[in-house]
Colleague: 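Take this structure, written in structure tokens, and hold onto it; I'll ask about it next.
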There are 2 protein chains.
Amino acid sequence: MATPPGRGPLPHGHVTLSDVARFVGVSAQSVSNALNNPGRVAPETREKILSAVEQLGYRPNRSARALRNQRSRLIGVRVEPSRDDRAALLLDQFLHALAESAAATGCHLILCQADGEDSEVAAYRELLSTTSVDAFVLTGAHAGDSRVAALRELGVPFATFGRSWDGDDDLAWTDVDGRAGLHAATAHVAAQGHTRIAHVGWPEESDTGRDRRAGWHDACTDLGLGVDLHEEVADDFDEGRAAAHRLLDRADPATAITCASDTLALGVVRALAERGLRPGGDVAVTGFDNSPAAALSTPGLTSLRQPLEQVAHDLVGAIEELLHGSATPQQTLLQPELVVRASSLRGPAHDAHPSPARPLTPPPEETP
Amino acid sequence: MATPPGRGPLPHGHVTLSDVARFVGVSAQSVSNALNNPGRVAPETREKILSAVEQLGYRPNRSARALRNQRSRLIGVRVEPSRDDRAALLLDQFLHALAESAAATGCHLILCQADGEDSEVAAYRELLSTTSVDAFVLTGAHAGDSRVAALRELGVPFATFGRSWDGDDDLAWTDVDGRAGLHAATAHVAAQGHTRIAHVGWPEESDTGRDRRAGWHDACTDLGLGVDLHEEVADDFDEGRAAAHRLLDRADPATAITCASDTLALGVVRALAERGLRPGGDVAVTGFDNSPAAALSTPGLTSLRQPLEQVAHDLVGAIEELLHGSATPQQTLLQPELVVRASSLRGPAHDAHPSPARPLTPPPEETP
DNA sequence: CTGTTAGCGCTTTCAC
DNA sequence: GTGAAAGCGCTAACAG
């Protein structure tokens with residue numbers, strides 16, 4: 001396929017605006033208007049143009065639009081390195097959901113990659129400086145998040161998966177109510193007859209960790225149970241395992257252990273096995289995230305499912321609002337769903353088929 | 001941060017080519033040449049230009065470039081819906097690795113989303129028609145893959161993770177040697193003293209499934225063991241579980257079960273538990289993928305790690321070659337790595353700390 | 001070796 | 001209501 005020598009760049013066989021214009025017998029501007037500014041063109045002309053667009057299969061060129069408008073309909077997302085010793089970052093499902101929600105508003109996702117939080121901002125900056133990116137989605141926001149400050153300074157709209165935790169009303173975020181989740185999980189094991197209920201969570205510095213632990217704490221207090229059984233560790237399998245051993249070595253040991261993550265919970269399960277104890281039958285265990293590992297481990301691990309499709313939908317909605325110049329950023333708190341499996345059930349280690357259970361808390365409540 | 005009105009030539013404060021040109025006192029063209037065509041500019045001028053580029057922090061605008069060159073340095077990838085009842089699609093790690101490799105060559109990943117293989121082509125088409133995408137990465141290629149034909153017709157370069165399996169020399173692919181992997185896994189359990197070694201794999205229609213089963217078959221034959229113990233099922237936890245029950249119900253039951261995936265293997269582990277058998281001690285079990293679920297389950301599941309970083313690197317390399325007009329597409333077969341854990345070890349259900357073991361097969365061999 | 005010209009596809013003025 | 005002009009930032013072609 002030889003390219004005829006000439007001045008301009010290579011032809012690419014795509015239908016352009018002027019192709020449509022020529023076809024209909026109007027100017028390119030009218031076609032543009034018919035598409036983007038329907039009011040400014042006569043209904044009759046509009047009809048003809050739209051049918052020609054359809055017929056020729058015209059699709060606007062994103063690069064040209066981006067060049068002209070400074071808006072690319074591209075949303076930047078970071079992919080972080082995933083460790084195979086952690087029970088899934090959910091990035092997988094989240095990205096799919098995000099891509100789907102974005103597509104619904106004509107947007108696409110562009111990835112940038114960074115290994116740490118510092119290089120993350122550098123990656124955003126790099127993407128912004130070379131590519132027209134309309135907005136970013138950040139994951140795992142936390143109090144005093146340097147990324148938030150940096151993106152604000154760059155003047156680019158963004159929404160975060162995770163609250164700011166410092167009462168920042170100017171931040172658009174969507175988050176999952178970990179506190180309600182752990183309240184539900186704790187109440188669930190209490191309903192199985194447990195009274196010595198422990199929590200293995202993340203260190204005090206983690207906002208999300210504190211939130212989840214508070215759910216356990218509240219539930220225990222509500223039920224008149226003690227709150228002395230808790231451990232704060234990093235989100236690591238072996239840390240969870242070690243924490244479980246400590247909780248079981250106590251004089252009055254735990255008979256149920258709620259965890260801030262599936263990774264920790266699966267570490268706890270390992271510890272039980274090392275002591276000849278059975279999850280469910282001897283000690284109830286619950287996790288958080290409903291990762292594949294929770295569903296596939298034996299016995300199945302009771303966990304809390306995050307409604308990632310809804311999270312993605314709300315984040316895209318929040319961004320869309322930001323781009324349309326909304327004054328008040330959208331903030332949404334979603335409820336996780338308790339998925340009960342054998343690890344938290346007494347009796348034979350029979351897995352109920354993964355069946356969602358209602359959280360104790362009220363249905364999703366949006367804070368607009 | 002308000003943009004001072006009417007001052008800067010740029011709406012968003014980005015440094016452009018002509019800014020650099022004006023700064024140095026040359027034409028925009030020379031700056032462009034200094035960057036993209038170093039030979040065509042005097043070394044001295046080049047120095048000055050490059051230092052100005054550095055100083056002003058100039059970054060070329062991707063949209064403008066794409067518009068002009070029909071090349072965007074964007075690689076399209078599909079994200080598929082992930083089921084939480086499967087042991088990870090590895091998409092997570094793969095995407096990160098891919099984004100990293102792409103970044104090394106100045107490319108970025110743009111996502112498209114599709115639920116099935118048919119809508120996948122539609123998604124590619126949509127992306128191509130609106131966005132300048134230089135190439136695609138396909139995952140899970142198989143014989144008679146409709147996507148391959150469709151992308152060829154569209155004339156877009158692409159590389160696949162997974163062989164074509166129909167001896168297509170024109171296809172650029174990278175794949176992992178599942179046959180060698182299962183050979184290694186089978187030999188490993190044989191070395192533990194097992195002689196009744198089964199395989200739970202995918203249906204005959206699956207090329208990858210046949211390949212992996214062949215590895216098991218070869219190893220058994222090499223070792224003088226029978227090859228009657230096998231089941232072909234869909235990649236599903238419950239299917240794996242049921243298959244294991246069938247294999248253990250036989251008159252001369254299996255004492256070791258190698259599987260085509262971690263999902264199947266974890267189903268097998270569940271079946272063992274239901275019969276009061278211990279993985280490792282009673283029946284050895286191995287999976288494939290080394291998913292988080294394998295590392296975190298108890299006992300740890302012996303599995304085969306796919307070298308995803310290398311896969312990603314090779315795929316990007318293959319695409320790069322394609323874009324530079326290489327005649328022979330790059331085809332690479334990589335070796336998986338056996339990760340031995342307690343599920344395949346006799347004796348106390350003690351997990352060795354996840355430690356890589358060499359496959360029996362020769363080191364990575366590249367077919368250029 | 002360097003500058004000028006032209007144009008990629010699109011949309012925001014501003015005439016008509 | 002419609003079209004003509006201009007230009008977003010960049011680079012291939014062709015002078016000078």
Colleague: Tell me the interatomic distance from B:Gln70, atom CD, to D:dA12, atom C1', rounded to whole angstroms.
Modeller: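 In whole Å, D:dA12 C1' lies 13 Å from B:Gln70 CD.
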Colleague: Over how many whole Å does the gap from A:Leu67 atom CG to C:dT12 atom C1' extend?
Modeller: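 Atom CG in A:Leu67 sits about 14 Å away from atom C1' in C:dT12.
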Colleague: Using atom CZ of B:Arg22 as one end and atom C1' of C:dT4 as the other, report the distance to the nearest whole Å.
Modeller: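 Whole-Å distance recorded here is 16 Å.
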Colleague: Using whole Å, what does the distance between atom P of nucleotide D:dC8 and atom CG of B:Leu17 come to?
Modeller: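 These atoms are roughly 13 Å apart.
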Colleague: Determine whether the side chains of B:Gln29 and B:Ser27 contain a donor N or O and an acceptor N or O closer than 3.5 Å.
Modeller: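 No, B:Ser27 and B:Gln29 have no side-chain donor paired with an acceptor closer than 3.5 Å.
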Colleague: Under 3.5 Å, is there a donor-acceptor pair between the B:Gln70 and A:His14 side chains?
Modeller: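 B:Gln70 vs A:His14: no donor-acceptor pair found between side chains.
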Colleague: Tell me which pairs pass side-chain hydrogen bond (donor to acceptor under 3.5 Å, both in side chains) where either residue lies in residues 150-170 of chain B, with sequence neighbours left out.
Modeller: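 Sorted result for residues 150-170 of chain B: B:Arg152-B:Asp168, B:Arg163-B:Asp175, B:Arg163-B:Asp211, B:Ser164-B:Asp166.
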Colleague: Once you round it to whole Å, what is the distance between C1' of D:dC10 and CZ of B:Arg59?
Modeller: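 After rounding, the gap between these two atoms is 15 Å.
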Colleague: Toward the 5' end of DNA chain C, which comes first, B:Ser27 or B:Ala64, by nearest nucleotide?
Modeller: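 With B:Ser27 and B:Ala64 compared, the 5'-side residue is B:Ser27.
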Colleague: Is the phosphate of D:dT11 approached by B:Arg65 (side-chain N or O, under 4.0 Å from OP1 or OP2)?
Modeller: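 Checking D:dT11 against B:Arg65, a side-chain N or O does come within under 4.0 Å of OP1 or OP2.
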Colleague: Quick check for you: among C:dT11, D:dT11, D:dG9, whose closest atom lies nearest to any side-chain atom of B:Ala28?
Modeller: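 Of all the options, the side chain of B:Ala28 is nearest to D:dT11.
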Colleague: By a strict heavy-atom criterion of less than 4.0 Å, which residues belonging to residues 29-53 of chain A are in contact with DNA chain C?
Modeller: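 Contacts with DNA chain C under 4.0 Å: A:Gln29, A:Ser32, A:Asn36.
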Colleague: Determine, step by step, whether B:His108 and A:Glu126 satisfy the side-chain contact (heavy atoms from CB on, under 4.5 Å) criterion, reporting the C-alpha distance in whole Å, the side-chain angles of both residues, the deciding distance to 0.1 Å, and the verdict.
Modeller: CA-CA 11 Å; B:His108 281 277; A:Glu126 193 270 343; 3.2 Å; yes
Colleague: Taking CZ from B:Arg68 and C1' from C:dC8, how many angstroms apart are they, rounded to a whole number?
Modeller: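 Going from CZ in B:Arg68 over to C1' in C:dC8 covers 6 Å.
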Colleague: Going by side chain to side chain donor-acceptor pair (under 3.5 Å), A:Arg78 matches just one of A:Glu117, A:Glu120, A:Gln113. Which one?
Modeller: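 The side chain to side chain donor-acceptor pair (under 3.5 Å) with A:Arg78 is passed solely by A:Glu120 among A:Glu117, A:Glu120, A:Gln113.
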Colleague: Given side chains that start at C-beta, do those of A:Pro329 and A:Leu171 come closer than 4.5 Å, heavy atoms only?
Modeller: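 No. Closest side-chain heavy atoms not under 4.5 Å.
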Colleague: Expressed as a whole number of angstroms, how long is the span from A:Asn61:CG to C:dC8:P?
Modeller: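 From A:Asn61 CG to C:dC8 P: 12 Å.
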